[in-house]
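Each ligand, and each atom within it, is numbered from 1 in the order the structure gives. The model shown is predicted, which means the values in this text are computed figures rather than measured ones. For this chain, numbers begin at 1 and follow the sequence in order.
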Amino acid sequence: MAYDYPPEKLSIYLSDDGGSDLTFYAMLEAANFSKTWLPFCKKFRVEPTSPEAYFRTASEPLNDADNWLSVKKLYEEMKMRIEATIKLNRIPDHIRKQHKGFREWDFVLSKHDHQTILQILIDGRDSNAVDIEGNPLPTLVYLAREKRPQHHHHFKAGSMNALIRVSSRISNGPIILNVDCDMYANNSKAIKYSLCLFMDEKKGDEIAYVQFLQSFDNLTKNEIYASSFRVLQQLELHGLDAIGGPCYNGSGCFHRREALCGKKYEKNYKVDWKKVSDTKADESASFLEETCKVLASCTFEHNTTWGKEMGLIYGFLVEDIITGLNIQCKGWTSMYLSPERDGFLGVAPITLLQTLVQHKRWMDGHLQVFLSRYCPLLYGYKKIPLKLRLAYCPYNLWAANCLATLYIVVMPCLCLLKGISLFPKISSPWLFPFAYVAFVHRAYSLNEFLWCGGTFRGWCNDQRMWLFNRTSAYFFALFETILKLLGYSRLNFVVTAKVSDKEALKRYDGELIEFGATSPMFDILATLAMLNLFGIFGALKKIILDVDEDLQVLEKFGLQTLLCFVLVTINLPVYQALFFRNDNGKMPSSVTYKSIIFAMLACTATMCF
Ligand SMILES: O=c1ccn([C@@H]2O[C@H](COP(=O)(O)OP(=O)(O)O[C@H]3O[C@H](CO)[C@@H](O)[C@H](O)[C@H]3O)[C@@H](O)[C@H]2O)c(=O)[nH]1
Ligand SMILES: [Mn+2]
């Protein structure tokens, strides 16, 4: 709400897919607080404009400290009221009386079974809707779309489409910004920046969306879970600008409403910005609340093209990617923006399992896109440049990467135990191509990583996460996508966890990898780690026992042993979690036993046959 932009031209919509009266209450409090907060932001040039993030680090200014402190106190009191209510887990009567909207929850059966709840908390057209200094406030709307067990809700895409329809009736702004629930505005100029691109006289009218770089405010220095996608975001996505535009990443993205609603780009399409502004409805707020409800109902989309041609596309785990691709295939371009001060900050997963689950969903979704009729190579034919079609493919095929990685993790090590040499001898000239791939390619990657502002340890962690992801999350993603194709499994969006306990948070800040749960993914990771440990033992045994052949062994198995050694080094935190840690983040003992048994079985089987 506190963006550096005329408030009367802003409307903010919150989609509550949880359909919770607690969220509604928090929003009501926020609406009230905004009357103080907006003038405060202007006066003290607050950045970031999220009070929670701002007060976490800011200290009072020298001039007008009293005013500053009183607002901070107001904020903290509000926070306490909200937290107390959450603890109570119901809305007390004196609060219920504050707003007619609470009455809606008398009819809510559960979060999966309720009517549309639509409340205009601040009506920007109302002359009484002003802040404490008498300036207008932006419109603020709460929406919980209708949910019924017998109707599919299509996850985030469904909720976005409901929002698009409701907002088109109430404010109908030509540009839509969408932000995930775990992100906050970090740069009050972001709207103006994106408008600069949309309103560019030469190229602006071609742009369908402006995607901001996704950053996170909870990253540690060396990013143990490699969540920032440093190189991808800072180099690769920028590069796409030159060949048709970046993909849509789901959050921190400004869309042209028309393009999002399915309009095709026509040559010489021109927007007259003076005309598009101010097409607001002139009915009363309560009338709008009643008439818009049907737009967010379960049945509204039946027999329409919503989810197919209009709005976000249904049926994919990466609704954002597929929607962006579809828009580009309609002739629009897109742009990538990464201002010096990040536009939006989000929350990255803080445990290994959360990270793996998130990756699994993404890779599952990407592969699903590749195998669907939207496969960029075919679907984009004659619609988008070949370069852009090709650029989508590496991401789409990330999951398939698991096969090669699993091979390189398992086979060299087993062959080492069995005494089969896979790579050229150390003295052979054929060693060169292998050495080249192994060292030069990694050196290049390290260089890129450092260039994008990462640390050396960060790069090592990044490499480890590649290994973990590819051998577990991607493998399961591949597996599940195939099952889905064969009709054995259904689409399921596993929401990334937003809360974790304090101890886990501490370990995260200390950059200690959090296992602490049983999961088939951990079984795989631990087994592979054990396997390579056995491989190294086997190699050492050979070197020590065959004393006179000493050099022969190294000569023949040098590269293979080195590979095993590198894998063992990458896996050091796994051994630590398996055998040496005592905190709750260690590997559960069932995983330890399983991994030892599986690895031993694999080794014995190889030795015997
Ligand atoms: O049934 C649902 C499920 C999710 N969401 C919203 O979708 C957003 C993203 O969900 P989250 O669990 O945070 O997923 P992430 O993995 O963090 O999200 C990334 O990946 C998603 C695609 O998999 C994109 O939609 C997101 O924009 C992108 O940030 C959140 O705001 C959710 O509230 C809904 O509204 N309804
Ligand atoms: Mn998220």
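The shortest distance between side-chain heavy atoms of W306 and I164 falls below 4.5 Å. Residues C402 and N469 form no side-chain contact, since every pair of their non-hydrogen atoms from C-beta on lies 4.5 Å or further apart. Residues Y225 and M465 have side chains in contact (heavy-atom distance under 4.5 Å, counting atoms from C-beta outward).
Using a non-hydrogen distance threshold of 4.0 Å, V347 does not register as a contact of ligand 1.
Which parts of ligand 1 touch E319 is read off a 4.0 Å heavy-atom cut-off, strictly below it: atoms 22 (C), 24 (C), 25 (O). Listed by number with element, the atoms of ligand 1 under 4.0 angstrom from any heavy atom of N249 are 27 (O), 28 (C). Contact atoms of ligand 1 toward L317: 22 (C), 23 (O) (distance under 4.0 Å to a heavy atom of the residue). Under a 4.0 Å criterion applied to the non-hydrogen atoms of S251, ligand 1 contributes the atoms 27 (O). Contact atoms of ligand 1 toward G250: 27 (O) (distance under 4.0 Å to a heavy atom of the residue). Interface of S159 with ligand 1, defined as ligand atoms under 4.0 Å from a residue heavy atom, comprises 35 (O).
For D113 and K147, the salt-bridge test fails: no basic side-chain N is under 4.0 Å from an acidic carboxylate O. Between D509 and K221 there is no salt bridge, since none of the side-chain N atoms of the basic residue sits less than 4.0 Å from a carboxylate O of the acidic one. Between K308 and E301, none of the side-chain N atoms (NZ, or NE/NH1/NH2) sits under 4.0 Å from a carboxylate O, so this pair counts as no salt bridge. Between E514 and K506 there is no salt bridge, since no side-chain N of the basic residue sits under 4.0 Å from a carboxylate O of the acidic one. Ion pairing of R81 with E83 is absent here, as no side-chain N (NZ or NE/NH1/NH2) approaches a carboxylate O to less than 4.0 Å.
Side chain to side chain, Y248 and N178 meet the donor-acceptor criterion of an N or O pair below 3.5 Å. Between the side chains of E52 and Y184, no donor-acceptor pair of N or O atoms lies under 3.5 Å. Residues S171 and Y13 have side chains that bring a donor and an acceptor to within less than 3.5 angstrom of each other.
In terms of protein heavy atoms, atom 4 (C) of ligand 1 is closest to F493 CE2, 3.8 Å. For atom 18 (O) of ligand 1, the closest non-hydrogen atom of the protein is D180 OD2, 3.9 Å. Considering only non-hydrogen protein atoms, atom 16 (O) of ligand 1 sits nearest to Q358 NE2, 2.8 Å. The protein non-hydrogen atom at the shortest distance from atom 20 (O) of ligand 1 is W362 NE1, 2.9 Å. For atom 30 (C) of ligand 1, the closest non-hydrogen atom on the protein side is C181 SG, 3.7 Å. Regarding atom 11 (P) of ligand 1, its nearest protein heavy-atom neighbour is K498 NZ, 3.3 Å. Atom 1 (O) of ligand 1 has F155 CA, 3.2 Å as its closest protein atom, hydrogens excluded (heavy atom only). In terms of protein heavy-atom proximity, atom 12 (O) of ligand 1 is nearest to T496 N, 2.8 Å.
Both cation-pi conditions hold for R230 and F449: the charged atom is under 6.0 angstrom from the six-membered ring centre and inside a 45 degree cone around its axis. A cation-pi contact, defined as under 6.0 Å to the ring centre and within 45° of the axis, is absent between R256 and W332.
Applying ring-ring contact (aromatic ring centres under 6.0 Å, His included) to W398 and the options W466, F370, Y392, W362 leaves one that passes, W466.
Among the atoms of D180, none of the N, O or S atoms falls under 2.8 Å from the Mn ion (ligand 2).
Closest to atom 23 (O) of ligand 1 by heavy atom, among H153, H154, R361, R145, is R361. One option in N178, D320, T323 has a heavy atom closer to atom 24 (C) of ligand 1 than any other, and that option is D320.
By the 3.5 Å distance cut-off applied to N or O atoms, V318 is not counted among the residues near ligand 1. Not one N or O of S15 is nearer than 3.5 Å to an N or O of ligand 1, by distance alone.
Neither the backbone nor the side chain of M160 comes within 4.0 Å of ligand 1, counting heavy atoms alone. Under 4.0 angstrom from ligand 1, the non-hydrogen atoms of D182 all belong to its side chain. Counting heavy atoms under 4.0 Å from ligand 1, residue K156 touches it through both backbone and side chain. Residue-level proximity to ligand 1 for D17 is carried by the side chain, the only part with a heavy atom below 4.0 angstrom.
Taking the six-membered ring for Trp and the full ring otherwise, F55 and Y75 have centroids separated by under 6.0 Å.
Minimum-distance N/O/S atom of D182 relative to the Mn ion (ligand 2): OD2.
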